[in-house]
Amino acid sequence: MPKFQGSGFSLELPGGTVDASNYGFALPGHSGANPTLTIRVTKTPQADLGVIFDDAKRSLEQALTDFEVISKGAFKRADREYIVWVGEWGTAEARMRQKQVLMFVTGNVPRLFTITATDLAKHFAQTEPLFDGVIRTFEPNDIQLM
């Protein structure tokens with residue numbers, strides 16, 4: 001059985017198991033509020049990033065108060081296509097801002113990475129360089145794919 005190593009634990013899983021983890025990180029923050037970074041990996045034979053963005057946007061518009069997309073861009077780096085978008089929702093002091101990267105990676109195991117950086121809107125200009133620096137270091141690989 002393959003061994004899975006997580007943060008502070010390991011376990012053995014049956015062959016054919018797929019790692020469907022969502023990874024979440026609380027980054028250094030501001031008086032009582034920590035900005036977060038999450039990474040979700042979805043195995044998929046192909047991905048239309050435009051459709052995935054549209055679906056996510058529609059879902060957020062239905063679920064959140066005053067949700068709006070502030071910016072969106074499509075990019076390509078090496079053989080990877082990705083979309084980066086920023087959205088906001090909520091009101092007053094509780095208004096949140098989020099940057100999300102949607103990246104499809106081909107290869108041995110085609111997969112979609114969704115990287116989401118979130119903070120209070122009032123702190124986002126301060127934390128966005130930290131988010132961008134961490135996101136720039138993101139490098140997909142085939143290690144520990146189950």
Side-chain angles (χ1 to χ4, degrees), residues 1-65 67 69 72-90 93-146:
M1 290 201 288
K3 187 172 190 174
F4 176 82
Q5 178 61 54
S7 181
F9 72 94
S10 67
L11 67 144
E12 292 187 18
L13 299 164
T17 297
V18 174
D19 182 353
S21 301
N22 290 320
Y23 300 90
F25 305 93
L27 303 178
H30 332 276
S31 56
N34 286 86
T36 61
L37 183 80
T38 62
I39 302 170
R40 186 177 73 214
V41 185
T42 310
K43 274 180 59 173
T44 181
Q46 69 180 65
D48 182 326
L49 296 178
V51 169
I52 291 167
F53 167 77
D54 290 342
D55 289 347
K57 179 179 175 270
R58 189 172 21 264
S59 177
L60 291 168
E61 286 170 337
Q62 293 170 355
L64 300 171
T65 303
F67 176 80
V69 172
K72 175 187 172 228
F75 307 93
K76 186 168 183 167
R77 185 172 107 194
D79 64 341
R80 293 182 213 120
E81 294 182 17
Y82 59 101
I83 288 176
V84 179
W85 65 275
V86 176
E88 262 189 31
W89 68 91
E93 290 295 306
R95 189 148 181 88
M96 303 298 292
R97 183 173 281 197
Q98 179 177 84
K99 176 179 272 191
Q100 191 170 83
V101 178
L102 302 169
M103 179 188 297
F104 180 68
V105 175
T106 59
N108 295 339
V109 181
R111 57 211 180 270
L112 171 70
F113 288 97
T114 304
I115 304 167
T116 307
T118 309
D119 199 357
L120 291 166
K122 67 183 179 182
H123 295 306
F124 201 85
Q126 180 182 347
T127 54
E128 188 173 26
L130 174 64
F131 288 147
D132 290 344
V134 171
I135 292 168
R136 273 193 298 276
T137 68
F138 180 81
E139 188 62 39
N141 60 50
D142 289 336
I143 298 171
Q144 199 174 336
L145 289 173
M146 301 192 338

Task: Test log, rule side chain to side chain contact (heavy atoms under 4.5 Å, CB included), inputs Ile115 and Phe138 - done: CA-CA 9 Å; Ile115 304 167; Phe138 180 81; 3.7 Å; yes
Open item on the list: Regarding Asp54 and Lys57, does a basic nitrogen lie under 4.0 Å from an acidic carboxylate oxygen?
Closed with: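 No, Asp54 and Lys57 are not salt-bridged.
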Open item on the list: Do the side chains of Glu88 and Lys122 get close enough for a salt bridge, i.e. N-O under 4.0 angstrom?
Closed with: no
Should [X] and [Y] count as side-chain neighbours, where that means a heavy-atom distance under 4.5 Å?
{"X": "Phe104", "Y": "Glu81", "answer": "no"}
{"X": "Thr127", "Y": "Leu27", "answer": "no"}
{"X": "Thr114", "Y": "Thr38", "answer": "no"}
{"X": "Lys72", "Y": "Val84", "answer": "no"}
{"X": "Phe25", "Y": "Val134", "answer": "no"}

TODO: Applying side chain to side chain contact (heavy atoms under 4.5 Å, CB included), run through Leu49 and Leu112 and close with a yes or a no.
DONE: CA-CA 9 Å; Leu49 296 178; Leu112 171 70; 3.7 Å; yes
Taking atom [atom1] of [X] and atom [atom2] of [Y], what is their separation to the nearest 0.5 Å?
{"X": "Ile83", "Y": "Ile52", "atom1": "CD1", "atom2": "CD1", "answer": "8.0 Å"}
{"X": "Leu13", "Y": "Lys3", "atom1": "CG", "atom2": "NZ", "answer": "11.0 Å"}
{"X": "Gln100", "Y": "Thr118", "atom1": "CD", "atom2": "OG1", "answer": "8.5 Å"}

Which atom of [X] lies closest to which atom of [Y], heavy atoms considered:
{"X": "Ile135", "Y": "Leu37", "result": "CG1-CD1, 4.3 Å"}
{"X": "Asn34", "Y": "Ala26", "result": "CB-CB, 4.2 Å"}
{"X": "Arg111", "Y": "Asn141", "result": "NH2-O, 2.7 Å"}

TODO: Evaluate the ring planes of Phe4 and Phe9, with Trp represented by its six-membered ring, and classify them as parallel (under 30°), tilted (30 to 60°) or perpendicular (over 60°).
DONE: tilted
TODO: May I ask you to decide if the ring planes of Phe131 and Phe124 are parallel, tilted or perpendicular, using 30° and 60° as cut-offs?
DONE: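 Judged by the thresholds at 30° and 60°, the geometry between Phe131 and Phe124 is tilted.
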Open item on the list: Using the rule given for side chain to side chain contact (heavy atoms under 4.5 Å, CB included), can you reason through Val101 versus Phe113, listing the C-alpha separation, both sets of side-chain angles and the distance that settles it, and then say yes or no?
Closed with: CA-CA 8 Å; Val101 178; Phe113 288 97; over 6 Å; no
Task: Over 12 foreign heavy atoms within 6.0 Å of CZ, Arg40 - done: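 Result for CZ/Arg40: open.
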Open item on the list: Walk me through whether Met96 and Leu120 qualify under side chain to side chain contact (heavy atoms under 4.5 Å, CB included).
Closed with: CA-CA 4 Å; Met96 303 298 292; Leu120 291 166; 3.4 Å; yes
